[in-house]
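In listed order, ligands and their atoms are each counted from 1. What you see is a predicted model; the values in this text were computed from it and never measured. Residues take their numbers from the sequence shown, with the count starting at 1.
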Amino acid sequence: MYAEVIVDIAHSDVDKIFDYRCDETVARGMRVVVPFGRGVTTGFVMRVKGETDVPPEKIRAVLRTEGAPLTEEALMLADVITGRYRVPMALTLRLFLPAEMRTGKTSERYKTVCVPTDAEASFSDRAPRQSALYAFLKERGEGDAAYLRENFGDAALKSLEKKGLIRTEKRRVFRDPYTGVSGENVARELTPAQQNAVDVVKNCDRDVILIHGVTGSGKTEVYLRLIADILEEGKTAIFLVPEISLTPQMLSQLRARFGSRAAILHSGLSAGERFDEWMRLREGTARIAIGARSAVFAPVENVGLIVIDEEHDGSYVSESSPRYVTFDVARLRARYNHCKLVLGSATPSVETYHRAREGEFALVKLPERINARPMPEVHIVDMRREVRRGNATAFSAALRERLKTCLDKGNQAILFLNRRGYSQTVICRDCGYVAVCENCDVSLTYHSDENVLKCHYCGANYKMPPACPQCGGKHLGYVGTGTQRVVTELRKLYPAARILRMDVDTTSGKEGHYRILKQFASREADILVGTQMVAKGHDFPGVTLVGILDADMSLHFSDYRSGERTFQLVTQVAGRSGRAQEPGEVVLQTYDPENYILRFAANYDYEGFYAHEISMRAATMFPPFAKIVRVMVTGEEEKATLAVLKDVYEKLQAIYAEHAEAFLFFNRMHAPIKRIQNKFRYQVLMRLVDSAVLREVYAVCAAQKNKDVLVYVEENPANLS
Ligand code: ADP
Ligand code: ZN
């Protein structure tokens, strides 16, 4: 017999099938170790067959098989993804296995247990330990060898074994990341609106359902009910959330509800834990896969439901190769399994809402908060007036006053701003010099706690220069506000308040944001200051005030989605306020108080926002009415990169010439950030009204074989930097 094997080497040169001789234990989907060149490598079996064209003296044999095979569904998905994004099959197949399984860095864990045999036992009085051990095992049925050795002694264990009274067995153990996690299992009675949402999902004739529910409307409860019902039917479920939403509260809620039937995959797990959670899903002992975007590849079979919570979240688009879109993969899986795909959000992306309105998706609304709690009132504050009054701090008088009231009442507050670090950049007030990263061509950010300048793209640290490197002047100053500066100002204003800061700098490491969110949830702090991360779906009952310090920041990006993003951010962060008994408030500080996006957000008017936005997109021909496609060409060698760019550009130009009617725009240029991590970045930017030519664009990029220059395609990129 022969196996067709894709070797696990992510290079297009070896992206083809190799034949190996094998025996009947080898089957499609298995991972195998095979000789390759002068070494050995792992690979995936795509097919087993009776004959081969490879001459017998040339064919080599599979050395051994490894681990759990991929499912038939995984192989089908890999095929589609490889075809669509034109990436090597080996790279795509990697998506379906946890990295630690592929690299063999961790593996299954076993323990040894002792079990009494049926042999007749008798002990002399001089062996009390042996008889005690034997009695213990007879009573319990079995015992962990390490435990027995410690409590009864190694000698006793060995003697019993020699006499044939006990035998040892190897048992598989699963590392449980949630041993310390507990929570109350409160399956609540659904509100009529929630029940309606459940009914629509189950009974509608669409395969995709969008649940548009305001913040605090109880979407989570709807998902959990749907999942519980699917389990009852003997099927499995996939529940996707942004990584940041996997908070300690969420984990304990899921754990309490589903126990060990749920496998929760998140970045805080150790390699061994992730391995075991994956295995539990593959073997079917766990039947709900919960996790961030990569959990869409979970090895569950017979899927009955897929949920994508906070569907608008940018984290659902993978930024590293292969660049898959979570929704697309989820929809493929839903079709394969004939199951429903549920999208949920308080602020659906304009494209998703458009598809729902056009009838492609079913649409169901949860228009009110649970218990008809009011949405927090939003006060728009004109910061230009504050400046005119001589207030140079990050806090308006209105915000300071409300913050005081909030703290006096013993409530909690969240302060949101778009930037991190102490201040944005360092500039020379004499010559205008701006400190930039040597690798990335972006300005550096000053971090006062470490007294260094940091590059937020590559992480490089630089010493703060004593004088301007350009003119020697001594007037180096900072511009902009950051989380650190806000914390410093807060400490002065409210010395008694306990303050937590949450941004990329404070959330690195294994514990990451969990620790901070846990502290805030258990009310070990009064004020949480943070960037985007605090805006996600957290449910803190103690929060009655939210301050948005700089609502304008995201309005001024040169990106067609900046309006949408601002609306989402403001709505989401406002939604953290007043979720329990006491009503909440929001103070929104802006230099542009008449801005229509902010007005819609302050009035919780999603429909108004959408109507405005969609008509603008239609008039200017932006998504969903056209597709923005960017081909990135990046490499360390500028000359080689430019040569590849030229080649790619010429081939794309030929497509453009042939199908001009499909293009609204076509041009090559520097990417807005010209260099990141020492790699030069060039782009060919296109706007397409007809996506049919996309196949050809992918083909052009896939045909590039220069090892040192990376070429890839982005569709409607989340970020055009
Ligand atoms: P969303 O995800 O829509 O923002 P959540 O699911 O976090 O909202 O629910 C908001 C709050 O309402 C939570 O504290 C949740 O425990 C509570 N809740 C949800 N459904 C019910 C219900 N049917 N009865 C009582 N409380 C509920
Ligand atoms: Zn850098």
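- Contact between Ser217 and ligand 1 is present, with at least one heavy atom of the residue lying under 4.0 Å from the ligand.
- Residues meeting the salt bridge (Lys or Arg N to Asp or Glu O under 4.0 Å) test with Arg333, sequence neighbours left out: Glu73.
- By the criterion of a heavy-atom distance under 4.0 Å, both the backbone and the side chain of Lys219 are placed next to ligand 1.
- Close approach of ligand 1 to Glu221 (heavy-atom distance below 4.0 Å) involves ligand atoms 20 (N).
- For Val214, every heavy-atom contact with ligand 1 shorter than 4.0 Å involves the backbone, none the side chain.
- Note: an N/O pair closer than 3.5 Å links Asp539 and ligand 1 by distance alone.
- The pair Asp207-Lys340 does not meet the salt-bridge criterion, since no charged nitrogen lies less than 4.0 angstrom from a carboxylate oxygen.
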**Item:** Derivation of the salt bridge (charged side-chain N to carboxylate O under 4.0 Å, His left out) call for Arg225 and Glu189
**Value:** CA-CA 10 Å; Arg225 176 63 56 96; Glu189 195 160 325; over 6 Å; no

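- Listed by atom number, the atoms of ligand 1 under 4.0 Å from Thr215 heavy atoms are 4 (O).
- At a threshold of 4.0 Å, the pair Lys404-Asp408 counts as salt-bridged, since one of the basic side-chain nitrogens sits closer than that to a carboxylate oxygen.
- The residue among Ile370, Leu224, Thr220, Leu190 with a heavy atom at the shortest distance from atom 12 (O) of ligand 1 is Ile370.
- A salt bridge is defined here as a Lys NZ or Arg NE, NH1 or NH2 lying under 4.0 Å from an Asp or Glu carboxylate O, and Arg331 with Glu360 meets this definition.
- A salt bridge does not link Arg561 with Glu564: every distance from a Lys NZ or Arg NE/NH1/NH2 to an Asp or Glu carboxylate oxygen is 4.0 Å or more.
- At a 4.0 Å heavy-atom cut-off, ligand 1 touches Arg579 through the side chain alone.
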